[in-house]
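Report on one structure; see the data block that follows.
Order of the sequence lines fixes the chain letters, A, B, ..., with proteins taken first and strands second; residue numbering starts at 1 for each chain. Values below: all heavy atoms of this structure, side chains included; hydrogens, waters and symmetry mates excluded.
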Amino acid sequence: MKSYDHKKIEKKWQKDWAKSGLYETKDNSKKPKFYCLDMFPYPSGEGLHVGHPKGYIATDIYSRYMRMKGFNVLHPMGWDAFGLPAENYAIKNKVHPKISTAKNIKHYKQQLEMLGLSYDWTREIDTTDPAYYRWTQWIFLQMFKQGLAYESYEPINWCPSCQTGLANEDLEDGKCERCGSEIEKKPMRQWVLKITDYADRLLNDLSTTDYDRPKIIDKTNPPIKGSPFVERNVAHAIVFDPKNKKYLIIRNKKHGWDTLVIGGIEKGETAEETARREVREETGYTDLEFKKILGGETEAHYYAKHKGENRIAFATAVYFELKSNKRVPIADGEDAADEVLWIEEKDFVPGKMINAELPVWLARLKNPKLGWPKPLLEWPESIKEAQRNWIGRSEGLLFTAPVKDTDIKIQTFSAHFEAFYADTFVVIAPDHPLLPQLVAGTANEKEVLKFSQDLVKKRIKEGFNANKEPEGIFTGRYIVDPIGNGDLPIWVANFAIADYGTGIVKASCHDERDFAFAKKYNIKMKPVLFPADPAEKAKVKNLEVCYFDMKNGLLAEPAEFAGKKAGDIRADIANFAVKKGLAVKKVSYKLRDWVFSRQRYWGEPIPLIHCEKCGVVAVPEKDLPVELPKVKSYAPTGTGESPLADIKSWVNTKCPTCKGPAKRETNTMPQWAGSSWYYLRYMDPKNKKALVDSTKEKYWSPVDLYVGGTEHATRHLIYARFWHKFLNDIKVVSTNEPFKRFGKSLGLVLGEDGRKMSKRWGNVVNPDEVVATYGADTMRLYEMFMGPFDQEIAWNTQSMIGSRRFLEKVWKLSEKVGKKTTPEIAVDLHRTVKKVGEDIESFNFNTAVSSLMILANSLEKCETIARADFEALIKLLAPFSPHIAEELWSGKGSVHNAPWPIYDEAKTISAMVTIIIQVNGKVRGNINVKMGTVETTVVEEAMSCASVAMHISGKEIKKTIFIPNKLVNFVV
RNA sequence: GCCGGAGUGGUGGAAUUGGUAUACACGCACGACUCAAAAUCGUGUGUCGCAAGACAUGGGAGUUCAAGUCUCCCCUCCGGCACCA
């Protein structure tokens, strides 16, 4: 047999696949669809390092797996090619970005092809292609027409080095994310997208529950490996008390988990009878009125480990209402660990019983057609949480009060308003636009303004975080307090932020910063919230400490709520304030509108025209795209205009409405524009009439699996969701969310020294060299085998050799293909098929590879290997190392079109099992017995085992624990 | 400060969800093949101990017949948000 020559093999099959169009995807197919997407790269001049393709390898494995499972897979790639590096390169080297970008794309593509990634290159897209950005401009125009894009002159983040405005999302610790420069606040004309209109939807859909039709269990498929299982029909009792609007639950004392009253339906019993009986036995309540029955044994199910049994339960829920509080004594004994409670639905703490939970049943009660719940977005919790933080919703009250001696009314926002009777002063942000108007005419007007400006400067210089010392100045103005605390002084305070809430805050002693501020400047304070402890209360009263527990603190004022816990009456006090006309309810977000203008060259021109007569006019859709003209100098002007402003022939145009002289908008779009919708274009990349054909869109949407770095959690992923929701609103797309599942977040590949791979450290590993020396198949396998996908792991070339050795082992195994494999291998084979499939689906690629290695090790010990068994191994290997698999494949056609092997659950269980024998919890030996051997036999054999006998002889066996097919533990 | 995630051999990491801790791989040691080396194959490899055994999953307590896994407290590291009212 020839030796394994990866160079020859890989080149050969890459050519062959390209020639036969193996990975080209059809838009119509009877197969179910699967859309598997990578975050497309920005093609930089440096090319790829070995870490970049990690995510691409994972999606490639997933795509190949799904193709073999019989799905019609869309797996495309493209280029996010607008952006600063190409432009900076142009400024330095006078090379048009279009040319350098094209060169970089070519290099990137060649590097990706070298890895044998199964992209459908006929669908390749490039955001800088006018045929593509025509549609980016088109979407912007739709937003403009809907009033979602507006011109603003508010101060924005300005990067003095990049000479452009930036969105909040482009900052990192108050610095430019790209170049690290300190950001200035600069007022300038800009285009802004109203993402805040979508804040609520963007937030809510992170937690929205979708419903699946319930699955029918495959009864031959026990959920708990190697253990016998018991089928039970189970009744869940939902007992509602209409008087108190509460539900009856049982709470586990140890864990605090809640469950409904649940019991197994005995022979001859109806579900209703069971539910009644269980409620009586476990809680004592007897006077229940039957209302409704839910579920049914074939519809509902869950797996559970219950009283030593592995159970599959077919659940039915019976809905009762409580007629009276009649109770009989509760049966003693087994349920001492639980307590019986009446709770509101919102207070339910989910227990461990899958699908046995109250909210699930109530949702089903309201809508019987619902299946079982699952999240609308199957995303890592960390990314959802980052988005929630970013959107930063808080509910509060908006107070309005007149400013004494002026016509001005100011509004303040409070999220912690429970103790608003304590408010004794007001603070305003030093950069608040209302400030000059507010202090106009006061004695020290100039001093206040000067001081405020200095505060702003200082804050920029030191960064927000550094300066914890409260600083401020009295404005000379007061608001009239409607609740009778007299006139409240208005102070400028360095900790107030102009663009959150209203930028003005009512302040009291029940906030740490306000308290410190008032102490420093001797401002009057008035505590109204106290701890229960008398000594502590005295301290608060004397203003020795700041008390801000809005949950457990007891209110003294207003009189209506005196003595109540603040946490309990939050909603009531809000209503009280609203009723009295003091405030209105208001929701505030940290999310800001998206600053969408860049004063740079290399981006999509914003398709608007400024006409002296007609104002801002949209470029007619038929005139799209507005192409980026060639310029002489790419350098930013720094004037708030992009370099486009200098091209008179381009800037000067006619107004599409009045045909009079007009000027084009010279700002360009940010880099995030093109990537906010690119996944739609792959569905229909060449369409000249529409962004995407609606039939194709309906077939392919949504993206089933998306993989990329978490650094995009609060930018690209929020922007794309925003655009998608907008496109859904204007009926261009049919779904509410673009990306159904986000695979595990991508963990970086670090350099061999454990630091981030970078030119600066000289630790960049070039994939070209790795592929040349070890082969693409080895590199792919190694990157998946390194460790958990979402973890940062240092590259180790030495360690990679193990993956190469494994492939050579498989290569040699092909020589052993003969008639028969040792029969014991069957169990290993079925187990491996199961494990590899499950691991790919759950992104546990490292353990998938390890199980392949284990299988290969077992096969190696066989004299000969049956052809079918060897082919199964090759199929399992194919997604990971496609070239060698194709080379070793002897079946019909390409291995990548071959059906994924099927495993038989029954055959994954070996006939013999090893039983561990413990004495007092310590392992003293083991015995091999037949699967399912009964307790008495096992115990007998275990006791006769020499190493065990030694530890039990002469001692009294107090207890024997027997876990079928697993272990015996003697307690002596 | 708040919210998420993690801590297991010399190294990367497994562990069927409470049931043999260290699978798989790297490295290392010894052996086979070789004039020799590389490659390959075999054996061994948590720590202490000649052994029986004891001790080991960041630290400390607890629950349990049984804890890497569950509960509580503490430490360290990584990520997100952060003068957000």
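- Dashed line: the shortest gap from a side-chain N or O of A:N846 to OP1 or OP2 of B:rA14 is under 4.0 Å.
- For B:rA36 and B:rG46, the P atoms lie 32 Å apart once the distance is rounded to whole Å.
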Structure string for RNA chain B in dot-bracket form, Watson-Crick and G-U at under 3.5 Å, | interchain: (((((((..(((......[....)))((((((.......))))))(((....)))..(((((..]....))))))))))))....
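- The closest donor-acceptor contact from the side chain of A:H416 to the backbone of A:M550 lies at 3.5 Å or more, if one exists at all.
- When heavy atoms are screened at a 4.0 angstrom cut-off, A:E808 is found touching no nucleic acid atom at all.
- Distance check on atom C1': B:rG13 versus B:rG18 gives 22 Å, rounded to whole Å.
- In this structure, of B:rC65, B:rC83, B:rG4, it is B:rG4 that holds the atom nearest to the side chain of A:S382.
- Comparing the same atom, C1', in B:rG42 and in B:rC33 gives a spacing of 11 Å after rounding to whole Å.
- Heavy-atom minimum distance, A:S508 versus A:D423: CB-OD1, 3.4 Å.
- Nearer to the 5' terminus of RNA chain B, by closest-nucleotide assignment, is the contact made by A:K861 (compared with the other of A:K861 and A:R513).
- When all heavy atoms of A:E471 and A:Y521 are compared, the pair lying nearest together is CA-OH, 3.4 Å.
- Look at the C1' atom in both B:rA15 and B:rA25: the space between them is 16 Å, to the nearest Å.
- Of the candidates B:rG19, B:rG13, B:rU20, B:rG13 carries the atom nearest the A:Q791 side chain, counting heavy atoms from C-beta on.
- The side chain of A:N494 has B:rC83 as its nearest neighbour among B:rC65, B:rA14, B:rC83.
- The aromatic rings of A:W491 and A:F517 sit perpendicular, their planes meeting at an angle over 60°, well past the 30° parallel limit.
- Comparing atom distances between the A:K812 side chain and each of B:rU40, B:rA82, B:rC83 picks out B:rU40 as nearest.
- Legend: residues meeting ring-ring contact (aromatic ring centres under 6.0 Å, His included) with A:F399, ordered by chain and number and at least two apart, are A:F420.
- With a 6.0 Å radius and a threshold of 12 heavy atoms from other residues, nucleotides or ligands, A:K519 has its NZ atom above the threshold.
- Not one side-chain nitrogen or oxygen of A:R592 sits closer than 4.0 Å to the OP1 or OP2 atom of B:rC84.
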Report, one line per pair, each donor and acceptor closer than 3.5 Å where one atom sits in a side chain of residues 497-505 of chain A; sequence neighbours left out.
unit_1: A:Y500; atom_1: OH; unit_2: A:S394; atom_2: OG; d: 2.7
unit_1: A:T502; atom_1: OG1; unit_2: A:Q411; atom_2: O; d: 2.7
unit_1: A:T502; atom_1: OG1; unit_2: A:I504; atom_2: N; d: 3.3
unit_1: A:T502; atom_1: OG1; unit_2: A:I504; atom_2: O; d: 3.1

In 5'-to-3' order, the base (B), backbone-only (S) or no-contact (-) status of each nucleotide in nucleotides 24-31 of chain B, using a 4.0 angstrom heavy-atom cut-off, is BSSS----
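- Glycosidic conformation at B:rU17 (O4'-C1'-N9-C4 for purines, O4'-C1'-N1-C2 for pyrimidines): syn, within 90° of 0.
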Using atom types as modelled, flag every donor-acceptor pair under 3.5 Å from a side chain in residues 844-856 of chain A to any protein atom, sequence neighbours excluded.
unit_1: A:N844; atom_1: OD1; unit_2: A:K744; atom_2: NZ; d: 3.0
unit_1: A:N844; atom_1: ND2; unit_2: A:S842; atom_2: OG; d: 3.0
unit_1: A:T847; atom_1: OG1; unit_2: A:D839; atom_2: OD2; d: 2.9
unit_1: A:T847; atom_1: OG1; unit_2: A:N844; atom_2: O; d: 3.1
unit_1: A:S851; atom_1: OG; unit_2: A:T847; atom_2: O; d: 3.4
unit_1: A:S851; atom_1: OG; unit_2: A:A848; atom_2: O; d: 2.8

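- A residue-by-residue look at A:N389 and A:E792 shows that A:E792 has its nearest nucleotide of RNA chain B further toward the 5' end.
- Enclosure of atom CD in A:E154 is not indicated, since only 12 or fewer non-hydrogen atoms of other residues, nucleotides or ligands lie within 6.0 angstrom.
- Note on A:R924: only backbone sugar-phosphate atoms sit closer than 4.0 angstrom, heavy atoms only; bases stay farther off.
- Rounded to whole Å, the separation between the C1' atoms of B:rA52 and B:rG60 comes to 31 Å.
- Comparing the same atom, P, in B:rG31 and in B:rA37 gives a spacing of 11 Å after rounding to whole Å.
- When the C1' atom is used for both B:rC41 and B:rA54, the distance is 37 Å, rounded to whole Å.
- For A:I916, the listed nucleotide lying nearest its side chain is B:rU20; candidates were B:rC83, B:rG80, B:rU20.
- The environment of A:E395 atom CD is sparse: at most 12 non-hydrogen atoms of other residues, nucleotides or ligands sit within 6.0 angstrom.
- Looking at the side chain of A:N969, the nearest of the listed nucleotides B:rC65, B:rA15, B:rC41 is B:rC65.
- An anti orientation is assigned to B:rG31, its glycosidic angle lying beyond 90° of 0.
- Among the heavy atoms of the strands lying under 4.0 Å from A:Q918 is at least one base atom, whether or not backbone atoms are also near.
- B:rA23 and B:rU11: their C1' atoms are spaced 16 Å apart (whole Å).
- Side chain of A:I963, nearest nucleotide from B:rC65, B:rG13, B:rG19: B:rG19.
- Within residues 499-508 of chain A, the residues approached by RNA chain B to less than 4.0 Å at the level of any non-hydrogen atom are A:Y500, A:G503, A:V505, in residue-number order.
- Closest heavy-atom contact between A:P380 and A:G743: CG-O, 3.8 Å.
- Judged by distance alone, with hydrogens and angles left aside, the side-chain atoms of A:S881 form no donor-acceptor pair with the main-chain N or O of A:L877 at under 3.5 Å.
- Contact between the side-chain N/O atoms of A:K590 and the OP1/OP2 oxygens of B:rG80 is not found at any separation under 4.0 Å.
- The main-chain N or O of A:Y421 is found under 3.5 Å from a side-chain atom of A:N485 such that the two form a donor-acceptor pair.
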